[in-house]
Amino acid sequence: MTELKNKKALITGGSRGLGKATAIAFAKEGIDVAITGRNEEALKATVAELKKFGVNAIYASFDVSNYEEVQKNITSLIDSLGAIDILVNNAGIAAFGTLNDMEVAQWSQIIQTNVMGMYYVTKEVLPHLIAKNEGDIINVSSTAGLNGNASTSAYSASKFAVIGMSQSLMKEVRKNNIRVCTLTPSTIASDMSIELGIASKDSEDSVLQPEDFAELIISGLKLPRRAMMANASLWSTNP
Ligand SMILES: NC(=O)c1ccc[n+]([C@@H]2O[C@H](COP(=O)([O-])OP(=O)(O)OC[C@H]3O[C@@H](n4cnc5c(N)ncnc54)[C@H](OP(=O)(O)O)[C@@H]3O)[C@@H](O)[C@H]2O)c1
């Protein structure tokens, strides 16, 4: 098994939802964590929770869809962590609406955040992993990245793109001992799914929870380095 203690991880969108659950699971394993998001108060609160596990926890507040902000903040986070072993590309937004009804600006913002944001962050982190000849990148797509549905054109386009980018990267950097994992979870209870009206807070027994997603990531990372979880779907057992 791969030992995770003392590794250094960066989780985008780590202030709440799936990213926060992953950050907590990492901290429990003894991994130092840098989290990002736009809302500084939420980031500060999550960092305080992470520090209770005795790890180094830091944050930076910036918009992943702005390349200049990504460059500046990722460099300073990696400097503060001292190294980087694991990147979880989790930050994302969603909105539903027919192709005709959704405003051009909103459609573009979904692509800019979910696709370009992931590309920008990866571009800044990757040279560090290549230089170490070791690393893990976990890219969060969705079941909406496997199938389009009425009213999900923007979100599905973004999450299909994530799968294509992630699979290409996996093939590019396997030779560098970098494992790239593409995740396609189904609905998980979070602000996003509750705001979209596809999950509710009081259905814990049937709806996936952020902790379930975090467990999947931990089990993939713990595989011996010769083995790689290239793709994984997480479904609710009995929706
Ligand atoms: N929940 C589900 O059912 C589900 C299922 C499949 C896949 N996913 C994917 O899982 C990921 C996490 O989703 P979630 O449910 O945890 O969503 P969430 O509760 O809405 O959290 C999203 C996180 O991303 C950050 N974020 C959003 N836009 C950002 C931007 N432009 N720049 C920087 N940070 C940004 C948010 O922080 P700020 O708002 O402070 O920026 C927050 O930390 C997303 O990629 C989502 O598409 C979710």
Side-chain angles (χ1 to χ4, degrees), residues 10-25 33-47 49-50 59-70 72-74 77 87-96 106 108-122 124 138-147 149 152 154-163 165-166 181-201 203 206-214 216-217 231-236 239:
L10 195 156
I11 303 172
T12 66
S15 54
R16 54 197 173 92
L18 281 52
K20 177 178 175 181
T22 304
I24 290 172
V33 197
I35 59 170
T36 80
R38 290 163 301 178
N39 182 319
E40 190 157 9
E41 290 313 308
L43 288 163
K44 274 186 191 162
T46 300
V47 159
E49 281 188 56
L50 295 171
Y59 75 88
S61 159
F62 64 93
D63 186 339
V64 291
S65 71
N66 179 319
Y67 186 42
E68 279 181 16
E69 285 187 32
V70 170
K72 188 174 68 169
N73 285 286
I74 296 288
L77 282 175
L87 166 64
V88 183
N89 271 315
N90 164 78
I93 53 171
F96 295 161
Q106 188 174 28
S108 311
Q109 192 196 6
I110 292 171
I111 302 293
Q112 187 64 29
T113 304
N114 296 0
V115 183
M116 297 310 290
M118 184 178 292
Y119 159 69
Y120 295 153
V121 173
T122 306
E124 295 312 297
I138 293 113
N139 291 327
V140 185
S141 177
S142 164
T143 45
L146 299 169
N147 293 292
N149 282 304
T152 69
Y155 188 61
S156 283
S158 75
K159 293 300 186 179
F160 268 71
V162 163
I163 293 177
M165 172 168 52
S166 188
C181 171
T182 313
L183 296 180
T184 51
S186 181
T187 301
I188 303 173
S190 70
D191 293 347
M192 177 184 283
S193 54
I194 291 166
E195 280 159 22
L196 289 170
I198 54 174
S200 71
K201 280 190 178 128
S203 48
S206 54
V207 177
L208 291 168
Q209 300 298 311
E211 297 74 26
D212 308 334
F213 169 87
L216 176 67
I217 293 183
N231 307 285
S233 286
L234 188 67
W235 286 23
S236 165

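The structure displayed is predicted, hence computed values, not measured ones. First listed ligand is number 1; within each ligand, the first listed atom is number 1. Because only heavy atoms are used, hydrogens play no part in the values below, and waters and symmetry mates are left out as well, while side chains stay in. Throughout, numbering of the chain's residues begins at 1 and tracks the sequence.
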Short N or O distance, [X] and ligand 1, threshold 3.5 Å exclusive:
{"X": "Thr36", "result": "no"}
{"X": "Pro185", "result": "no"}
{"X": "Ile198", "result": "no"}

For the side-chain contact (heavy atoms from CB on, under 4.5 Å) test, which of Thr122, Ile138, Thr182 pairs with Ser166?
->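 It is Thr182; the other options fail the test.
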Partner of Ile198 under side-chain contact (heavy atoms from CB on, under 4.5 Å), chosen from Thr187, Ile188, Val207 |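 Of the listed options, the one satisfying the test is Thr187.
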Could you list which atoms of ligand 1 come closer than 4.0 Å to a heavy atom of [X]?
{"X": "Tyr155", "result": "7 (C), 8 (N), 9 (C), 46 (C), 47 (O)"}
{"X": "Asp63", "result": "30 (C), 31 (N), 32 (N)"}
{"X": "Asn39", "result": "40 (O)"}
{"X": "Ile93", "result": "27 (C), 28 (N)"}
{"X": "Phe62", "result": "32 (N), 33 (C)"}
{"X": "Asp191", "result": "19 (O)"}

Which part of Lys159 is near ligand 1, with near meaning a heavy atom under 4.0 Å away: side chain, backbone, both or neither?
->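 Side chain only.
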Within-shell test, [X] vs ligand 1, heavy atom, strictly < 4.0 Å:
{"X": "Ala42", "result": "no"}
{"X": "Ser186", "result": "yes"}
{"X": "Gly117", "result": "no"}

Nearest non-hydrogen atom to atom 22 (C) of ligand 1 belongs to which of Ala91, Ala144, Gly17, Gly92?
->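 Nearest option to atom 22 (C) of ligand 1, by heavy atoms: Gly92.
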Who's closest to atom 44 (C) of ligand 1 heavy-atom-wise, of Asn114, Asn90, Asn66, Thr187?
->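 That would be Asn90.
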Side-chain donor-acceptor pair present, Tyr120, Gln112, cut-off under 3.5 Å |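 Indeed, the side chains of Tyr120 and Gln112 share at least one donor-acceptor pair under 3.5 Å.
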Residue, atom name and distance, where the atom is the protein heavy atom closest to atom 20 (O) of ligand 1 =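 Answer, as residue, atom name and distance: Arg16 NH1, 3.3 Å.
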So, do Tyr59 and Thr36 sit near enough that their side-chain heavy atoms are less than 4.5 Å apart?
->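 The answer is no; the side chains never approach within 4.5 Å.
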